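Just the heavy atoms: all of them, side chains too, but no hydrogens, waters or symmetry mates, feed the values below. Order of the sequence lines fixes the chain letters, A, B, ..., with proteins taken first and strands second; residue numbering starts at 1 for each chain. The model shown is predicted, which means the values in this text are computed figures rather than measured ones.
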Protein chains: 2
Amino acid sequence: MATRTDAPTRREQILKEAARLFAERGFHGVGVDEIGAAVGISGPGLYRHFAGKDAMLAELLVGISGQLLTGAKRRLAEVEADGGAKAEAVLDSLIEGHIDFALDDRPLITLHDRELDRLRDSDRKMVRQLQRQYVELWVGVVREVYPGLGEPAARSAVHSVFGLLNSTPHLGRGGSLPGRGATAELLHRMARGAFAAAGV
Amino acid sequence: MATRTDAPTRREQILKEAARLFAERGFHGVGVDEIGAAVGISGPGLYRHFAGKDAMLAELLVGISGQLLTGAKRRLAEVEADGGAKAEAVLDSLIEGHIDFALDDRPLITLHDRELDRLRDSDRKMVRQLQRQYVELWVGVVREVYPGLGEPAARSAVHSVFGLLNSTPHLGRGGSLPGRGATAELLHRMARGAFAAAGV
DNA sequence: CCTTCAGGTTAACGACCGCTAACCTCCCTG
DNA sequence: CAGGGAGGTTAGCGGTCGTTAACCTGAAGG
């Protein structure tokens, strides 16, 4: 993984702040002036970087979905290349990846299942397709680990575990929670426990 | 439980439709004219029943939080009166109650953790207090069942299980899911499995 | 039968919001 | 050193939205 060290571009600054604001107050609850102010420029200046407010949301949501899917595919390939295609190991890797994302990009996780309907039709279709592929990838792995699970039940289980993992924004943002590592480990155990209980 | 058989009042109609619309498109994404149209009257007619759009959201959120807390307290008392104070039975009852709510009032479950910040300060404080009491009630019961869990971990676990149970809106609204009973049972098993995995 | 009032209606106001227009100012480059 | 584009600025337009005002109507009550 090529870790970024260079300064973020203005576009990236804007996207980051927009994500935070959208997550806090909802897409319709944030004005372009506020987004501009958050990066030190004023409202209409944003239009030098984005076609409009909708375009920012679209880029955020497509980006998230794509990143999740790409990461999952990479993890699947990595583990399978790494000796035996142990389904359990793949599932653990998927869970770990999703937790990393949920812990590091809470605003995005929040947006991802909240503002989808504010997108233009074509963008929404694209995001939905990426999300569906991501879910189906999980469903396949889960059914490999728990062959007793039917496909509908597996899909429900996957959605529910996403709900569990995506609860990070509700986990006291302050210093009250037991540190990132412990939280990640707790979430991982709970996800595995939930799947195990689902798998008869 | 006194089951309602009389027709819903206009106020109740309005609240129900408003909840659905707010859940679908977000508080700021819905106009008063749409809410009015959904119950067959036109925009400003709503002001005969509510002080304003904010008041509808406030009544919805306070109502949800209060209902959840009241139901949980009742279940706690019921099980404890019913012979031995078996903590496992209380936890099962809490889970069952939450699932019933999440399955029967999906729009409310959605609103409940999404539009809280759109409330006036006083209303938000009240909702937060009710929510906190609900969480703490769960935390107490969970720690009784799993004494190995520290308080912060138990609280995190409870929030995560809420995320799991509240995933019902994502569980294909169409006929693709395996029926209400099976879904409720699956969610229940997964919640118990998640807690068990959390409890060392 | 007259009054009253709950529960509607339409018109319109003021505020806000997304976006465009017009303009300015560096900095890079031929 | 001219000039041109990238990236800002402010002013303002058009539309939408929450809310109020003024008016209407049908049914209940004395």
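The distance between atom CE of B:Met56 and atom C1' of D:dC17, rounded to the nearest whole Å, is 13 Å. B:Leu21 has its CG atom 12 Å from the P atom of D:dG18, to the nearest Å. Between B:Asp33 atom CG and D:dT20 atom C1' there is a gap of 14 Å when expressed in whole angstrom units. Atom OH of A:Tyr47 and atom P of D:dT10 are 16 Å apart (whole Å). What separates NE2 of B:His49 from P of D:dT19 is a distance of 15 Å, to the nearest Å. At whole-Å resolution of the value, CZ in B:Phe50 and P in D:dT20 are 15 Å apart. What separates NE2 of B:His28 from C1' of D:dT16 is a distance of 14 Å, to the nearest Å.
Think of the region where chain A sits on DNA chain C: with heavy atoms and a 4.0 Å cut, that region ends 5' and 3' at C:dG18 to C:dC23.
B:Glu144 contributes no side-chain N or O that, together with a main-chain N or O of B:Ala87, makes up a donor-acceptor pair within less than 3.5 Å. The main-chain N or O of B:Glu12 is found under 3.5 Å from a side-chain atom of B:Thr9 such that the two form a donor-acceptor pair. The main-chain N or O of B:Leu149 is found under 3.5 Å from a side-chain atom of B:Arg143 such that the two form a donor-acceptor pair.
Counting non-hydrogen atoms under 4.0 angstrom, A:Val30 reaches the backbone sugars and phosphates but no base. If you check every strand for non-hydrogen atoms under 4.0 Å, B:Gly31 touches sugar and phosphate atoms only. A:Gly43 comes within 4.0 angstrom of nothing in the nucleic acid, heavy atoms only.
When each of B:Leu69, B:Val135, B:Thr70 is tested with B:Leu130 by the rule side chain to side chain contact (heavy atoms under 4.5 Å, CB included), just one qualifies, namely B:Leu69. A:Ser93 pairs with exactly one of A:Arg75, A:Glu78, A:His98, A:Arg74 by the side-chain hydrogen bond (donor to acceptor under 3.5 Å, both in side chains) rule, that one being A:Arg75.
The two atoms that bring A:Leu15 and A:Leu60 nearest to each other are O-CD2, 3.7 Å, heavy atoms only.
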Set out, in order, the CA-CA distance, both residues' side-chain angles and the distance that settles side-chain contact (heavy atoms from CB on, under 4.5 Å) for A:Lys53 and A:Phe27, then state yes or no. CA-CA 9 Å; A:Lys53 199 180 148 191; A:Phe27 179 68; 3.7 Å; yes
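Over its full length, the helix from C:dC1-D:dG30 to C:dG30-D:dC1 turns its helical axis through 10°, comparing axes from the five pairs at each end and rounding to 10°.
Comparing B:Gly40 and A:Val32 by the nucleotide of DNA chain C that holds the closest heavy atom to each, the one mapping nearer the 5' end is B:Gly40. A residue-by-residue look at B:Arg48 and B:Gly52 shows that B:Gly52 has its nearest nucleotide of DNA chain D further toward the 5' end.
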Only distances under 3.5 Å count here; give the side-chain donor-acceptor pairs of residues 186-200 of chain B to other protein atoms, sequence neighbours excluded, each with its distance to 0.1 Å.
| residue | atom | partner | partner atom | Å |
| --- | --- | --- | --- | --- |
| B:His188 | NE2 | B:Asp92 | OD1 | 2.8 |
| B:Arg189 | NE | A:Ala197 | O | 3.0 |
| B:Arg189 | NH1 | B:Glu185 | OE2 | 3.1 |
| B:Arg189 | NH2 | A:Ala198 | O | 3.1 |
| B:Arg192 | NH1 | B:Asp92 | OD1 | 2.9 |
| B:Arg192 | NH1 | B:Asp92 | OD2 | 3.2 |
| B:Arg192 | NH2 | B:Glu88 | OE1 | 2.9 |

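Taking the side chain as every heavy atom from C-beta outward, A:Gln67 and A:Ile64 never approach each other to under 4.5 Å.
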